[in-house]
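Each ligand, and each atom within it, is numbered from 1 in the order the structure gives. This is a predicted model, so every value here is computed, not measured.
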Amino acid sequence: MIPEHYPILLGVNIDHVATVRNARGVSYPDPVTAAALAEQAGADGITIHLREDRRHIRDRDVEMLADTLQTRMNLEMAVTDEMLAIACRIKPAYVCLVPEKREELTTEGGLDVAGQRDKIKAAVEQLAEAGIETSLFIDAQREQIDAALDCGAPIIEIHTGHYAEQQSEKTQQQALATLIDGIQYAHSAGLQVNAGHGLHYHNTAPIAAIPELVELNIGHAIIARAVLVGLDRAVRDMKALMVSARQQALMKQG
Ligand SMILES: CC(=O)[C@@H](O)[C@H](O)COP(=O)(O)O
Ligand SMILES: NCC(=O)COP(=O)(O)O
């Protein structure tokens with residue numbers, strides 16, 4: 001449920017707390033503790049990506065977070081039978097279906113929904129039967145947005161990685177224009193539109209200013225800053241930045 005009158009929501013992705021833990025094979029830092037701290041600092045939801053190779057978040061984390069989260073879980077996962085079974089048992093508020101490659105450093109692109117409509121539609125239906133709202137992590141392409149609508153997904157998350165990778169002002173503006181086109185197209189078709197990937201403290205404001213966006217999911221940059229200033233401050237800084245960008249955009253709109 002989206003809180004009314006709230007300008008924009010922040011889902012904090014805590015995957016990389018688990019990355020640090022797993023690097024030493026110990027039990028700390030615990031992503032479950034990180035989730036509680038992020039919630040206290042104003043996170044509107046907690047995002048976790050249970051990768052098939054379990055390189056960061058593990059099954060135990062998902063189980064414990066399901067018991068302890070005070071906000072809502074957004075479970076990112078590949079479209080596989082194993083993951084669908086886990087989601088239907090855990091029943092997170094949201095599942096975000098994402099593409100996965102074993103060898104990738106991080107998610108490299110959006111899910112090809114147009115190329116596998118039947119499979120995605122069946123997954124969306126199975127999750128809906130379990131009471132879970134499905135989001136599809138896609139690039140801002142009309143073909144993919146149309147396919148998401150065909151599959152009956154109520155939510156999409158637009159992949160902002162390409163925008164985040166741009167090195168010049170000019171190409172970043174071009175990437176931003178592509179995102180805005182896709183976001184407005186999806187919103188006018190009735191989808192809830194979220195966004196995320198690669199967003200950090202210096203590139204998030206123009207994204208947060210897009211009025212059709214409901215939520216941003218941000219992980220790596222927040223956890224990286226938390227190492228230096230603490231998680232509470234890192235979450236509060238990001239949320240303040242997003243809210244301020246959105247409020248300024250709404251004031252300009254009149
Ligand atoms: C799907 C997505 O954009 C995030 O979950 C991101 O993938 C974080 O996890 P990784 O760093 O493992 O890619
Ligand atoms: N879906 C995007 C996400 O959860 C966070 O991605 P990142 O900020 O870790 O790149």
Side-chain angles (χ1 to χ4, degrees), residues 8-23 31 34-35 38 43-58 61-62 65 69 71-80 83 87 92-113 120 133-140 144 148 153 155-166 175 179 183 192-205 207-208 213-227 231 234-235 237-239 241-242:
I8 184 159
L9 306 177
L10 170 61
V12 174
N13 181 319
I14 55 168
D15 290 350
H16 298 298
V17 176
T19 303
V20 175
R21 174 194 62 189
N22 299 353
D44 299 290
I46 298 296
T47 292
I48 48 175
H49 184 172
L50 183 68
R51 280 184 174 268
E52 288 183 274
D53 61 11
R54 310 300 200 267
R55 66 173 72 162
H56 38 57
I57 293 297
R58 297 198 168 144
D61 304 326
V62 182
L65 287 163
L69 284 186
T71 55
R72 55 196 168 65
M73 181 190 292
N74 175 33
L75 178 62
E76 295 181 332
M77 57 181 226
V79 196
T80 65
M83 289 298 154
Y94 306 107
V95 157
C96 182
L97 297 177
V98 304
E100 253 184 49
K101 283 192 218 147
R102 281 299 72 73
E103 67 280 10
E104 69 191 353
L105 205 57
T106 184
T107 312
E108 289 170 348
L111 189 66
D112 180 15
V113 182
I120 307 285
E133 285 197 279
T134 301
S135 163
L136 302 178
F137 188 62
I138 59 174
D139 292 321
Q144 296 298 340
I155 308 169
I156 58 170
E157 179 172 323
I158 294 288
H159 190 313
T160 50
H162 179 65
Y163 159 83
E165 280 163 12
Q166 299 311 309
L179 290 178
I183 290 163
Q192 176 180 322
V193 191
N194 301 335
H197 200 87
L199 296 178
H200 55 64
Y201 294 84
H202 302 290
N203 67 10
T204 293
I207 303 293
L213 284 178
V214 171
E215 176 174 280
L216 301 185
N217 283 301
I218 307 181
H220 186 266
I222 291 177
I223 303 309
R225 180 172 283 215
V227 172
L231 187 55
V235 172
D237 285 353
M238 183 58 83
K239 184 136 176 211
L241 177 166
M242 286 167 47

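The His56 neighbourhood of ligand 1 comprises atoms 9 (O), 10 (P), 12 (O), with distances under 4.0 Å to a heavy atom of that residue. Contact atoms of ligand 1 toward Asn13: 4 (C), 5 (O), 8 (C) (distance under 4.0 Å to a heavy atom of the residue). Residue Phe137 has at least one heavy-atom neighbour below 4.0 Å for each of these atoms of ligand 1: 1 (C), 3 (O). Every atom of ligand 1 is numbered from 1 in the order shown, and the set under 4.0 Å from a heavy atom of Val98 is 1 (C). Ligand-side atoms of ligand 1 in range of His16: 11 (O), range being under 4.0 angstrom from any heavy atom.
Partner of Ile218 under the side-chain contact (heavy atoms from CB on, under 4.5 Å) criterion, out of Leu10, Asn13, Val12, Val235: Leu10 alone. Each of Thr134, Asp112, Leu111 was evaluated against Ile120; a single residue qualifies, Leu111, per the side-chain contact (heavy atoms from CB on, under 4.5 Å) test.
Under 4.0 angstrom from ligand 1, the non-hydrogen atoms of Arg51 all belong to its side chain.
Backbone and side-chain nitrogen or oxygen atoms of Arg55 are examined, and none is located within less than 3.5 angstrom of a nitrogen or oxygen of ligand 1.
With Tyr163 contributing its side chain and Leu199 its backbone, the two residues share no donor-acceptor pair below 3.5 Å. With hydrogens and angles ignored, the 3.5 Å screen pairs no side-chain donor or acceptor of Asp139 with any backbone N or O of Gly109.
Looking only at heavy atoms of the protein, atom 3 (O) of ligand 1 is closest to His197 ND1, 2.6 Å. When only non-hydrogen protein atoms are considered, atom 13 (O) of ligand 1 lies nearest to Thr106 OG1, 2.6 Å. With respect to atom 9 (O) of ligand 1, the closest heavy atom belonging to the protein is Asp15 OD2, 3.1 Å. Atom 7 (O) of ligand 1 has as its closest protein heavy atom Thr107 OG1, 2.5 Å.
Residues with a heavy atom under 4.0 Å from ligand 2: Asn13, Thr47, Glu76, Phe137, Glu157, Gly196, His197, Gly198, Asn217, Ile218, Gly219, His220.
Across Met77, His159, Glu76, heavy-atom proximity to atom 4 (C) of ligand 1 is greatest for Glu76.
Between His159 and His197, the ring planes are tilted. Angles from 30° to 60° get that label.
For the residue pair Asn194 and Gln192, a side-chain donor N or O sits within less than 3.5 Å of a side-chain acceptor on the partner.
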